[in-house]
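One structure coming up, written as structure tokens, with questions to follow.
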Protein chains: 2
Amino acid sequence: MVERGLPTSVGETTENSESGGSLARMLQILELFTDAGPVWSTADLIEALQTSRSTGYRYIKTLHDAGLLTAVRNGYYTLGPRIIEMDLQIRQTDPMLMASHGVLEDLVEKIGHSALLLTAFRDSVLCIGESRAPRSPENRFSRGQRRPMFQGAGSKVILAHLPHHRLKALYPRHRVEIESAQLGSTWSEFRKKLGDIKKDGHLLTLGEFNPGVYGVAAPILTDQKTAVGSVGVAWDENERRDLDVKQAVGAVKYAATTISERLQDMQRQS
Amino acid sequence: MVERGLPTSVGETTENSESGGSLARMLQILELFTDAGPVWSTADLIEALQTSRSTGYRYIKTLHDAGLLTAVRNGYYTLGPRIIEMDLQIRQTDPMLMASHGVLEDLVEKIGHSALLLTAFRDSVLCIGESRAPRSPENRFSRGQRRPMFQGAGSKVILAHLPHHRLKALYPRHRVEIESAQLGSTWSEFRKKLGDIKKDGHLLTLGEFNPGVYGVAAPILTDQKTAVGSVGVAWDENERRDLDVKQAVGAVKYAATTISERLQDMQRQS
DNA sequence: ATTGACAATCTCATAATATCGGATTTTCTT
DNA sequence: AAGAAAATCCGATATTATGAGATTGTCAAT
């Protein structure tokens with residue numbers, strides 16, 4: 001009866017499945033806070049949830065008590081301080097981030113361009129770390145931002161190393177995007193293209209986001225050779241240094257391998 | 001084995017009240033991820049929750065679907081990517097942070113020491129922003145970290161400008177800390193000391209965290225003159241420049257006032 | 001301080017739905 | 001490809017989330 005959640009705006013993990021109960025319903029509140037609407041009144045929140053006042057207030061109170069929401073003023077809420085705290089917690093302890101310490105910096109020094117650390121998240125790719133070259137422009141792709149999984153070296157190289165079942169589940173959801181990204185118009189064609197990338201162990205792209213910008217990326221792999229993330233660098237073609245493309249590829253692959261090994265060593269110890 | 005949920009470690013909003021239902025119980029999972037234990041197995045999580053396997057898995061799944069948890073490998077979880085994403089969202093839209101853009105940088109330039117932006121959170125103070133002076137040492141108090149509310153200029157100055165009822169609720173919970181922080185051993189003494197700080201509109205401290213370190217802070221206030229945060233700077237006494245303490249106080253107060261005004265202007269528009 | 005206006009919480013009967021053990025399916029290792 | 005382990009599904013039960021209205025708490029102005 002609670003006719004909540006417009007199917008169009010849901011975008012959950014699994015296609016459009018009914019949200020999994022009140023717990024998920026409550027967490028949906030967090031999704032409402034966007035760049036376009038970063039501050040919500042209780043009234044609007046309750047309206048958006050299509051629930052009773054009591055329940056709405058209870059959800060808000062629960063999230064508030066957990067620190068995930070905070071009142072900016074009387075009856076107006078924003079994402080809460082606990083999120084900032086947890087982000088620090090992640091920065092200090094995330095295994096992949098830990099494993100990449102120093103490696104990204106070395107990579108930047110070696111090739112003179114900014115480097116990114118990416119991870120797969122919900123059929124897309126999230127930037128979780130970056131190391132900027134000395135006087136490079138501020139990156140438009142930085143920690144916390146997402147990109148589609150079918151464009152850019154850093155994304156595709158993860159895609160190619162995803163476990164079988166993940167790909168199988170993902171393909172039907174994104175047939176059109178995959179085709180328009182030149183990744184094949186059939187399942188077997190798709191698998192073949194990914195197989196090629198996988199064989200190379202890296203990917204070089206040109207102008208997939210910004211015209212004239214090169215991208216190189218290599219996957220960060222688990223013991224079973226499936227991707228947990230990737231390392232990537234990008235540079236403008238007329239900003240080219242004496243650096244050879246091959247050299248960049250080598251450096252990126254080396255960085256990715258180093259991180260992968262460290263990561264696997266860490267897991268063996270726990 | 002993992003003896004969770006000890007009343008001592010809870011530290012919820014209201015004294016020690018029974019957790020408010022399954023929603024809060026699920027969110028408690030997030031509190032388990034600490035520096036000491038950043039990665040948890042499903043088995044240990046369920047053990048810690050003291051619930052059935054089914055329910056434990058359902059909680060984990062719900063949090064996973066929301067992106068608040070992520071699997072680092074088979075059956076092991078960490079805080080999830082959605083948190084990183086939401087942190088960026090906050091950095092891009094948080095009113096206080098927006099209002100402080102440029103102001104903190106100007107302050108640093110004026111006095112040559114790193115500046116911090118703080119906010120009140122759960123009977124403590126959280127750092128939400130910082131601007132580092134050119135070649136200053138990496139700050140030990142940076143974004144995402146918490147400090148007690150009764151030590152340090154940045155904390156006390158917020159405390160002094162907290163709304164009446166907040167103080168009244170807070171005092172009995174922290175009598176001992178307040179007394180040992182020289183903030184008075186009775187309620188009226190406490191109120192008087194805070195009143196003095198309030199009158200000055202700023203606070204100067206010496207060596208409350210690190211010996212020989214000066215701290216200056218001023219409050220960020222709402223229309224009704226209650227604190228939402230503070231601006232602070234700190235420097236070592238033998239690192240003193242030709243800068244006068246008075247000059248620093250003035251600069252900090254100016255920064256805090258500017259941020260307060262911007263904040264109030266923003267609210268008038270929405 | 002007192003009041004009025006609004007926001008947030010509380011009360012409590014009702015039934016919706018979270019819960020649990022066990023079976024089933026999915027996922028991972030050999 | 002088969003076996004082992006993990007995660008999900010299933011359905012009966014009662015715990016507990018829900019919602020309308022009353023109450024309390026909070027805020028701004030007199």
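Per chain, numbering begins at 1; letters A, B, ... match sequence-line order. Scope of the values below: all heavy atoms of this structure, side chains included, with no hydrogens, waters or symmetry mates.
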Q) Going by atom types alone, do B:Arg146 and B:Ser124 pair a side-chain donor with an acceptor below 3.5 Å? A) yes
Q: Quick one: list whatever passes side-chain contact (heavy atoms from CB on, under 4.5 Å) with A:Asp35, sequence neighbours left out.
A: B:Gln89, B:Gln92, B:Thr93
Q.
Quick check on the helix from C:dA1-D:dT30 to C:dT30-D:dA1: what's the angle between its two end axes, five base pairs per end, to the nearest 10°?
A. 80°
Q) Considering only C:dT19, D:dC27, D:dT8, which nucleotide approaches the side chain of A:Asn74 most closely? A) D:dC27
Q: Please name all residues satisfying side-chain contact (heavy atoms from CB on, under 4.5 Å) with A:Leu97, sequence neighbours left out, ordered by chain then number.
A: A:Arg91, A:Asp94, A:Ser100, A:Leu117, A:Ile128, A:Arg143
Q. Roughly how many Å is it from CZ in B:Arg53 to C1' in C:dT24, rounded to a whole number?
A. 16 Å
Q | Those residues that, when tested against B:Tyr59, pass side-chain contact (heavy atoms from CB on, under 4.5 Å) (two or more places apart) | A | A:Leu23, B:Ser22, B:Arg25, B:Met26, B:Ile29, B:Leu49, B:Thr55
(Q) Using the ring centroid of each side chain, check whether B:Trp187 and B:Tyr171 are separated by less than 6.0 Å. (A) yes
Q: Give the rounded distance in Å between these two atoms: CD1 of B:Ile60 and P of D:dT8.
A: 9 Å
Q | Closest-nucleotide 5' rank along DNA chain D - winner of A:Gly56 and B:His164 | A | A:Gly56
Q. Mapping A:Gly75 and A:Gln224 onto DNA chain C by nearest heavy atom, which one lands closer to the 5' end?
A. A:Gly75
Could you list the donor-acceptor pairs under 3.5 angstrom formed between side-chain atoms of residues 192-199 of chain B and any protein atom two or more places apart in sequence or on another chain?
from: B:Lys192; atom 1: NZ; to: B:Asp196; atom 2: OD2; distance (Å): 3.3
from: B:Lys193; atom 1: NZ; to: B:Gln182; atom 2: O; distance (Å): 3.4

Q: Kindly point out which of D:dT26, D:dA6, C:dC20 is positioned nearest to the side chain of B:Ser54?
A: C:dC20
Q.
Suppose we call a contact any N or O donor and acceptor under 3.5 Å apart; does that hold for the side chain of B:Ser22 and the base of C:dA18?
A. no
**Q.** Nucleotide D:dT18, atom C1' - distance to CD1 of A:Ile46 in whole Å
**A.** 14 Å
Q.
In this structure, how many angstroms lie between the C1' atom of C:dA8 and the CZ atom of B:Arg166, rounded?
A. 16 Å
(Q) Does C:dT19 have OP1 or OP2 under 4.0 Å away from a side-chain N or O of B:Arg25? (A) yes
Q | Nearest-Å distance for atom pair CG/C1', residues B:Asp223 and D:dA28 | A | 11 Å
Q) Atom CG of A:Leu49 to atom P of D:dG19: distance rounded to whole Å? A) 11 Å
Q. Just how far, in rounded Å, is C1' of C:dA8 from NE2 of B:His165?
A. 12 Å
Q) Residues two or more places apart in sequence or in another chain: which of them pass ring-ring contact (aromatic ring centres under 6.0 Å, His included) with B:Phe121? A) none
**Q.** Among C:dA8, D:dT26, D:dG19, the one nearest A:Thr51 by side-chain distance
**A.** D:dG19
